[in-house]
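Here's the structure, in structure tokens; my notes come after.
When reading the values below, keep in mind they use all heavy atoms of this one structure, side chains included, and skip hydrogens, waters and symmetry mates. Quick caveat: nothing in here was measured; it's all calculated off a predicted structure. One is the number of the first residue; the rest follow in order along the sequence.
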Amino acid sequence: MNLEEWFEKGITAQEYVESMGKYQKDFIHIYENFHIPTDDQPFFEYLQKQNLRVIVLTEDWCGDAMLNIPILLKFAEAGHMNVHLLSRDENPELMDDYLTGDARSIPIFIFIDPEGNEVTHWGPRAEAIQQFIEKSRNGLPKKDPKDYQLKEKQMFQFITKAYRDNQDFWSEVYDSLKQSLGQLESSLP
């Protein structure tokens, strides 16, 4: 399948949110409380002219999706980009084109032009968020101790709370998306 067909196969953001299980409340909290900076209007006027669309590879159980997708949706609204979402696990053929190393890390945002050609992709995390995750994981005990699973569970709870409440993280995601798409502007004639 080409990217146009993948886009058409996806569901809308509204359908995705309605179907969410684990993180729906936190996802909505981020969406309702994140706001695009008003001084970025010229950038979004540029994006609106590009008529881009976005394919999102995700799963609703993913904490990174809970953080990143609401920011993307606000970004897409400002840039007039239509967003369709696909399950990572139900679409391994597409997911395998966007591996992070050898992992199927999500979410992945694939930005396509009106003809269905990829112009860029983003994901699964902003660099500052990646550093936060690595630091959090470094605090875990070696896998041998009996308390590893408990400590890992506590770490994921801490990360989820930070994703939900730390608006600096929201800004990091926004800035990373803007930087990724801003590179398009300088590459156009």
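- In terms of heavy-atom proximity, Thr120 sits nearest to Ser180 at OG1-OG, 3.6 Å.
- Nearest heavy atoms, Pro141 versus Asp147: CG-OD1, 3.9 Å.
- Annotation: salt bridge (Lys or Arg N to Asp or Glu O under 4.0 Å) contacts involving residues 85-100, sequence neighbours excluded, comprise Asp96-Arg104.
- Checked against side-chain hydrogen bond (donor to acceptor under 3.5 Å, both in side chains), Asn82 has no partners two or more places apart in sequence or in another chain.
- Val173 and Leu57 sit in two unconnected hydrophobic clusters of ILVMFWY residues. Membership requires side-chain heavy atoms under 4.5 Å apart, directly or through other members.
- For the residue pair Glu15 / Thr12, a side-chain donor-acceptor distance below 3.5 Å is found, with atom types taken as modelled.
- Counting non-hydrogen atoms of other residues, nucleotides and ligands closer than 6.0 Å to CD of Gln179 gives a total of 12 or fewer.
- Residues Ile55 and Leu94 are in side-chain contact: their nearest non-hydrogen atoms beyond the backbone lie under 4.5 Å apart.
- Residues Val54 and Phe75 fail the side-chain proximity criterion, which asks for heavy atoms closer than 4.5 Å.
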### Task
For the pair Val83 and Ile69, evaluate side chain to side chain contact (heavy atoms under 4.5 Å, CB included) and give the outcome as yes or no after the intermediate values.
CA-CA 10 Å; Val83 177; Ile69 296 173; over 6 Å; no
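- In the hydrophobic cluster analysis, where Ile, Leu, Val, Met, Phe, Trp and Tyr join through side-chain heavy atoms closer than 4.5 angstrom, Tyr31 is grouped together with Phe34.
- Note: Phe111 and His121 fail the aromatic proximity criterion, with ring centroids not under 6.0 Å apart.
- Inter-residue side-chain proximity for Glu59 and Ile106 is flagged as met; some heavy-atom pair is nearer than 4.5 Å.
- For the pair Ser136 and Phe158, the minimum side-chain heavy-atom distance is below 4.5 Å.
- Listed by first then second residue, pairs satisfying salt bridge (Lys or Arg N to Asp or Glu O under 4.0 Å) with a partner in residues 73-86 number zero, not counting sequence neighbours.
- Within the 4.5 Å cutoff, no side-chain heavy atoms of Ile108 are placed close to those of Trp122.
- Legend: residues meeting side chain to side chain contact (heavy atoms under 4.5 Å, CB included) with Ala128, ordered by chain and number and at least two apart, are Glu172.
- Of all heavy-atom pairs between Pro124 and Thr100, the closest is CD-OG1, 3.6 Å.
- Side-chain N or O atoms of Asn2 include one that pairs as donor or acceptor with a backbone N or O of Glu5 at under 3.5 Å.
- The side-chain heavy atoms of Asn166 and Phe132, taken from C-beta on, include no pair separated by under 4.5 Å.
- For the salt bridge (Lys or Arg N to Asp or Glu O under 4.0 Å) condition, the pairs that include at least one residue of residues 117-133, sequence neighbours left out, are Asp64-Arg125.
- Residues passing the side chain to side chain contact (heavy atoms under 4.5 Å, CB included) test with Glu8 are Glu4, Arg53, sequence neighbours excluded.
- When the salt bridge (Lys or Arg N to Asp or Glu O under 4.0 Å) test is applied to Lys161, the partners found at least two apart in sequence or on another chain are Asp165.
- Annotation: side chain of Asn68 is not in contact with side chain of Tyr163 (no heavy-atom distance under 4.5 Å).
- With hydrophobic clusters built from ILVMFWY side chains whose heavy atoms lie under 4.5 angstrom apart, Phe109 does not share a cluster with Leu86.
- Residues passing the side chain to side chain contact (heavy atoms under 4.5 Å, CB included) test with Gln24 are Val17, Met20, Ile28, sequence neighbours excluded.
- A search for side-chain hydrogen bond (donor to acceptor under 3.5 Å, both in side chains) contacts involving Trp6 returns nothing, not counting sequence neighbours.
- When side chains are defined from C-beta on, Tyr148 counts as touching Leu140, because their heavy atoms get closer than 4.5 Å.
- With hydrogens and angles left out, the side-chain atoms of Thr58 and Tyr16 include a donor and acceptor closer than 3.5 Å.
- Follow the hydrophobic side-chain contacts under 4.5 Å out from Ile159 and you never reach Trp61; the two are in separate clusters.
- Of the residues listed (Gln50, Gln48, Lys49), the one engaging Leu52 in a side-chain contact (heavy atoms from CB on, under 4.5 Å) is Gln50, and it is the only one.
- By the side chain to side chain contact (heavy atoms under 4.5 Å, CB included) test, Glu134 is found to be paired with Gln130, residues two or more places apart in sequence or in another chain being considered.
- The ring pair (Phe, Tyr, Trp, His ring centres under 6.0 Å) search around Phe7 returns His84, not counting sequence neighbours.
- Enclosure of atom CG in Asn138 by more than 12 non-hydrogen atoms of other residues, nucleotides or ligands within 6.0 angstrom is indicated.
- Screening residues 18-46 for salt bridge (Lys or Arg N to Asp or Glu O under 4.0 Å), with sequence neighbours left out, gives Asp26-Arg164, Asp40-Lys178.
- By the rule that hydrophobic residues join a cluster once side-chain heavy atoms approach within less than 4.5 Å of another member, Leu72 and Ile110 end up as members of separate clusters.
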